[in-house]
Amino acid sequence: MNILAIGAHPDDIEYGCAGTLARYASQGHKVFVATATNGNIGSAHHTMEEIAAIRKAEAKASAALIGAEYICLDYDDEMFFEDRAARLKFIDLVRYCRADVILTHNPEDYNPDHELTSKIINDIAVMIPIAHLKTPNPPYEVIPKIFYFETAHGLRFIPTDYVDITDFMDVKLKMLGTHRSQIQWMSDNFQENDAGGDKFFENASIIARFRGMQSGVKYAEGFIRALDAFRVTTTRVLP
Ligand SMILES: [Zn+2]
């Protein structure tokens, strides 16, 4: 299968579903990692152009750890709004990846970029095969299955599905660790870090252990399956 994970910002994917992506990749599935924005407000020390370039390089390095391709839709961080062009850009992204499964944000989360990314993905899923909706990449005859990954800090999130990532927890943390600029950013702005970034990693470990406890393994990632028409299946498509 082809798997597309799309988050709003570089590092969202790593928190939400990097272990699951590593597991998909290990099983031979083709994995794409995308972000709607380029994260260009995520630094108090660099210009917006500089930090966008840094964060895209970090996301690319993270994806490369599991042999995945990284794609950035290059919207401005925190200034991402839906219009006709955005809808078509998202359709084209899914068509480029020929995704069978899409992992994205929960419809309700703490950040408007997260929620809009989730909304557009859910909105366009049924439009992928429609020929009259023209994009550079051609339509294909699949309506991708959608799963929502963990909200920030796991708030208001009760998973319907779990993936055992015990053997991939080290990869998840390594992928997270490529986002060096965000360790600084969290430290500067949210008191979430000491200088070594321990809490940056600790947050991810706590959630993975918590979901692991719920599902009877050491580490897990939790997902909520989208139950809208045409997304439902009788077969398990998570790894
Ligand atoms: Zn984010």
Side-chain angles (χ1 to χ4, degrees), residues 4-21 31-46 48 50-63 65 68 70-82 86 89-90 93 102-122 146-157 159 172-193 197 199-208 211 221-224:
L4 167 63
I6 176 159
H9 313 110
D11 84 355
D12 289 335
I13 296 295
E14 287 76 3
Y15 273 112
C17 62
T20 299
L21 295 181
V31 177
F32 297 85
V33 174
T35 60
T37 81
N38 54 27
N40 61 357
I41 56 136
S43 171
H45 309 281
H46 295 285
M48 291 178 77
E50 284 169 357
I51 193 60
I54 289 167
R55 296 193 69 185
K56 284 193 275 187
E58 290 170 343
K60 192 176 175 188
S62 169
L65 288 173
Y70 171 66
I71 301 148
C72 182
L73 299 184
D74 254 330
Y75 287 97
D76 285 335
D77 198 343
E78 311 302 333
M79 291 293 150
F80 167 41
F81 304 99
E82 185 177 14
K89 207 167 181 177
F90 270 63
L93 169 71
I102 303 179
L103 311 179
T104 191
H105 292 285
N106 195 54
E108 287 191 324
D109 203 346
Y110 83 104
N111 178 282
D113 294 346
H114 288 204
E115 294 186 356
L116 186 56
T117 299
S118 179
K119 178 188 180 296
I120 297 178
I121 284 295
N122 206 20
I146 298 172
F147 292 85
Y148 304 121
F149 53 71
E150 196 85 45
T151 54
H153 299 180
L155 290 162
R156 295 183 299 162
F157 191 86
K172 179 182 171 91
L173 294 178
K174 259 187 215 140
M175 290 172 74
L176 205 52
T178 66
H179 294 276
R180 300 301 306 171
S181 69
Q182 292 314 285
I183 295 173
Q184 180 69 46
W185 172 250
M186 297 302 270
S187 175
D188 288 347
N189 291 276
F190 299 105
Q191 290 83 47
E192 286 233 357
N193 261 320
K199 285 188 186 166
F200 190 73
F201 299 103
E202 190 184 63
N203 287 353
S205 299
I206 288 169
I207 298 278
R211 298 307 181 196
E221 285 170 343
F223 296 88
I224 293 176

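Remember, it's a predicted structure, so these values are computed and weren't measured experimentally. In listed order, ligands and their atoms are each counted from 1.
For the pair Asp11/Arg55, a side-chain contact is recorded, criterion being any heavy-atom separation below 4.5 Å from C-beta on. Residues Tyr110 and Thr151 have side chains not in contact (no heavy-atom distance under 4.5 Å, counting atoms from C-beta outward).
For residue His105, no N/O/S atom approaches the Zn ion (ligand 1) to within less than 2.8 Å. Checking Asp12 against the Zn ion (ligand 1), an N/O/S atom falls under the 2.8 Å cut-off.
Closest to the Zn ion (ligand 1) among the N, O or S atoms of His9 is ND1.
Ring-plane geometry between Tyr15 and Phe200 is classed as perpendicular, the angle between the planes exceeding 60 degrees on a 0 to 90 degree scale with a lower cut at 30.
The pair Arg156-Asp109 does not meet the salt-bridge criterion, since no charged nitrogen lies less than 4.0 angstrom from a carboxylate oxygen.
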